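This report concerns only the one structure given below.
Note that these values count all heavy atoms, side chains included, but never hydrogens, waters or copies made by symmetry. The shown structure was predicted, so the numbers you read here are calculated from the model rather than taken from an experiment.
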Amino acid sequence: MIAKVIVDVPSRATDRPFDYKIPQQMLGWVEVGSRVGVPFGGRVLQGFVIGITEHADFDVKKLKPIAELLDHIPPLSPDLVELASWISDKYCCTLTASLQAMIPAALKGKADSVVSIADDEVNEASEDSLLGEEAWLSYIRQNGGTMRLAALQERFPESAADIKAAVKRGTLTEQVTIRDRLSVRKVLTVFPPDNEALALEALQNYPARAAKQQEVLRYMLEHREPIAMTVLVEALSTTSSTVRAVADKGLLEIREMEQSRDPYAGRDFKRTEPLPLTEGQQAVYAEIAESLDAEQSRVFLLHGVTGSGKTEVYLQTIERCLQHERQAIVLVPEISLTPQMVERFKGRFGDLVAVLHSRLSSGERYDEWRKIREGRAQVAVGARSAIFAPFERIGLIIIDEEHESSYKQEETPKYHARDVAVRRARQHSAAVVLGSATPSLESFAAASRVVSGSEAANTSTSASASTSASAKASGAALLPMPNRVGGRPMPKVHLIDMRDELKNGNRSMFSRQLHEALLERLERGEQSVLLLNRRGYSTFVMCRSCGYTAQCPHCDISLTYHQKSRVLRCHYCGHAEQAPEKCPSCESEHIRFFGTGTQRVEEELAKLFPGIRVIRMDVDTTTEKGSHEKWLTMFGERKADVLLGTQMVAKGLDFPYVTLVGVIAADTSLHLPDFRSAEKTFQLLTQVAGRAGRHQLPGEVIVQTYNPEHYAIVTAQHHDYAAFVQEELKHRRFMGYPPFCRLIVVTLSDEQLPLLIQTGEKLASTLRQLAYESGIKGSIDSDGTRFIDILGPVASPIPRMKDRYRFQCMVKYRGNVNANDLLKQAISMLSGPQGQPPVQISVDVDPQMIL
DNA sequence: AGCACGCCGACT
DNA sequence: GTCGGCGTGCTC
């Protein structure tokens, strides 16, 4: 039998299946989805089996056999392999990249060599005197004749060439295997006696002076369960040598057991029961439950205002799904994957929940992943990549805060978890629930078209190329939840025109109203949340005399100032330099280091409200593991008056004593050169406003802005999603942006500018030519359903990164245009015979940020 | 991506 | 004369 293997080489040229013979002893073990080690061009690499056939597409005589099978259970199932190939096709990336994204990093094996002294050499050495033998050779002998090549080279760096030569002439034999980057935690475990009768007899006859041993044995006979050595020793306040003594008599067994790291071990989650649903929740639940019972693959857009109780609906639909013995995946934006959120799922489903997020160590993540793969978990809660949770029978996929841009991966493979979810759900006949108070325009356009039949014809031409193409195909159903649980009103939102403040001589960053409102909360002992909406704003250096700013010498981007080390760092390439004392350009002393906005707000708060207790949450204060959780717990225990932060304070938090939400500057995100800036602003304001007054105490929101008449801000003030969408759709249609078309951004990069520009031009003209040949109308005003427009090449927003220049082309299209195919064709037309393009090309399908 | 093979300059 | 620079080309 022949295995088709995708080899772990991140290059387009090698991204195709290579055929390998399956050795006799591996027959029946090697499956689609298996991870194997294969010889490839003189070395051994990790690869994935994506197919098994009878006949090779290659000269059988030249076929090499698979060198090793790396796992007992294939890490990928055939449906995930199929999904990987869909991703690489849709997002124009290599299959290798898609496959790698699906497994935990711990399973990214690397080749590792073990060298042994050849047999005849061993004999020779016994005759020859060891005198004069090279140090490294005797070192191997001391190690029993075999050791890892890497370890040997580390010990004798100066003999590297000698060692290599020895391998070449056969003095040393080399064996290459793939080693995982994982450490399985082993725990010494004590097992109860096999032979109980014997043990009981021994217990009777134990010598009196071995009381502790007797105690150990009695304990084990009573509990009759394996127990960790450390726990046993602790419980009986004895030592491991005592336990060992019992084991040496053959009465107990001590073995090393593999132990899963459970990041939530020892934490008690209070079990919760399903809450009675409100009428609104019930209607939505019934709709989804019906689909679950029928095992249909349907997509639901759950549009529920903040505080409408979406999470309870999630929990109960998951319960329904589990009753059908099918598994559920819950995606949550990384930023709102808070302990609060985890607690709600753990509280309802206990150990059946596996949690996957970026704060886990690679070992912890691997253990949670295995819990899923081995069927010990039925529910996976996690960020973006949890969409690849290796379940066998998925019944339900929930995507909370569906509009969040963090569902789009910015690195290759640049997939959108929402679209992958829809595709994966279809493989499993599973339901998808997209939940949001502020659905993305793409999802909303795709969903409303199906529900409001009369508008269907109307929108089908205008928004036919929704970004959520798969949602479109499956026909998303809109499920509205317009009311808050308990009939609580939406908080009142006040807009403060900061221009008026300035006119009235208030130059502080706090308006009088916000100042007063904060004071009131302090007096009443209630809490406030302050949002500084500063996307992409970080600390930088500027000279106030000449305007000089510190730039990275390799990247054409401002350097970031790190206060702790007084170093300027580029966060694209890692370049670091000492922060200057005076301006390098004009020698002025007036060089200033601008701290994060939140730092300045914190200082101002301390000045205005002496004794105020502020928790500041931003990248500076939450990088440490667990710090996020720590701050939120503190705030929840009312150990602070104000929670001040960036985006991260806007999402999913629920504190009963928060009655004031202040937005310092609503418009900082409004004027970013991105076509989604209005949408992002509306979403953020709506989300943060939803933090107030979720319980008994009524909430108030104060939004400071310089653009009080902007529709994104006005509609957010009135919690009017429909009005926002209507206005925003007008703009999108007029400007020709999604959901009225789809976008692909192609970025080309190279060290040589002329070659780069030349290649860029060639790519654009080839694309135009191909589009023309396939008869697609090119005009932006075209009424036809097919349309394509190729823009550029132009310099990228970051024109140089890591000493490479960057240019980009944008493809806009709509209708049944296979832009991916055109693009792939164009790229292959300017590539060499092995498929390597003259410059580096990176493709972003459905980009989130255009900037 | 790596590694081998291969053809031209500065050294023992 | 050799060592070694990194330019193409291939990997089942």
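Between the A:His554 side chain and the A:Lys802 main chain, no donor and acceptor come within less than 3.5 Å of each other. Between the side chain of A:Lys824 and the main chain of A:Asp89, a donor-acceptor pair closer than 3.5 Å is present.
Remark: A:Lys4 engages A:Asp19, A:Asp57 in a salt bridge (Lys or Arg N to Asp or Glu O under 4.0 Å) (not counting sequence neighbours). Evaluation of the side-chain contact (heavy atoms from CB on, under 4.5 Å) rule for A:Val176 yields A:Val44, A:Ala111, A:Ser113, A:Glu174 as partners, not counting sequence neighbours. Here A:Pro104 pairs with A:Leu107, A:Tyr366, A:Trp369 under the side-chain contact (heavy atoms from CB on, under 4.5 Å) rule; sequence neighbours left out. Partners of A:Tyr415 under the ring pair (Phe, Tyr, Trp, His ring centres under 6.0 Å) rule, at least two apart in sequence or in another chain, are A:Phe388. With sequence neighbours left out, A:Arg148 forms a side-chain hydrogen bond (donor to acceptor under 3.5 Å, both in side chains) with A:Asp112. Remark: A:Thr177 engages A:Glu68 in a side-chain contact (heavy atoms from CB on, under 4.5 Å) (not counting sequence neighbours). Applying the salt bridge (Lys or Arg N to Asp or Glu O under 4.0 Å) rule to A:Lys64 yields no partners; only residues at least two apart in sequence or on another chain are considered.
Of the side-chain N and O atoms in A:Lys62, none sit less than 4.0 angstrom from OP1 or OP2 of C:dC12.
Under the 4.5 Å side-chain criterion, counting only non-hydrogen atoms from C-beta, A:Pro738 is in contact with A:Leu743.
Contact detail for A:Pro39 and A:Pro65: the closest heavy-atom pair is CD-O, 3.4 Å.
Near-neighbour residues of DNA chain C inside residues 748-757 of chain A, defined by a heavy atom below 4.0 Å, are absent. A heavy atom closer than 4.0 Å to some atom of DNA chain C occurs in A:Arg16, A:Phe18, A:Asp19, A:Tyr20, these being the qualifying members of residues 16-25 of chain A.
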Please write out each protein N/O paired with an N/O of nucleotides 1-5 of chain B under 3.5 Å, distance rounded to 0.1 Å.
residue: B:dA1; atom: N3; partner: A:Arg43; partner atom: NH2; Å: 3.3
residue: B:dG2; atom: O4'; partner: A:Arg43; partner atom: NH1; Å: 3.4

What's touching nucleotides 5-10 of chain C from the protein side, N or O pairs under 3.5 Å?
residue: C:dC10; atom: OP2; partner: A:Gln834; partner atom: OE1; Å: 3.4

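Within the structure, side chain to side chain donor-acceptor pair (under 3.5 Å) pairs that include any residue of residues 748-767 of chain A comprise A:Ser749-A:Arg804 (at least two apart or interchain).
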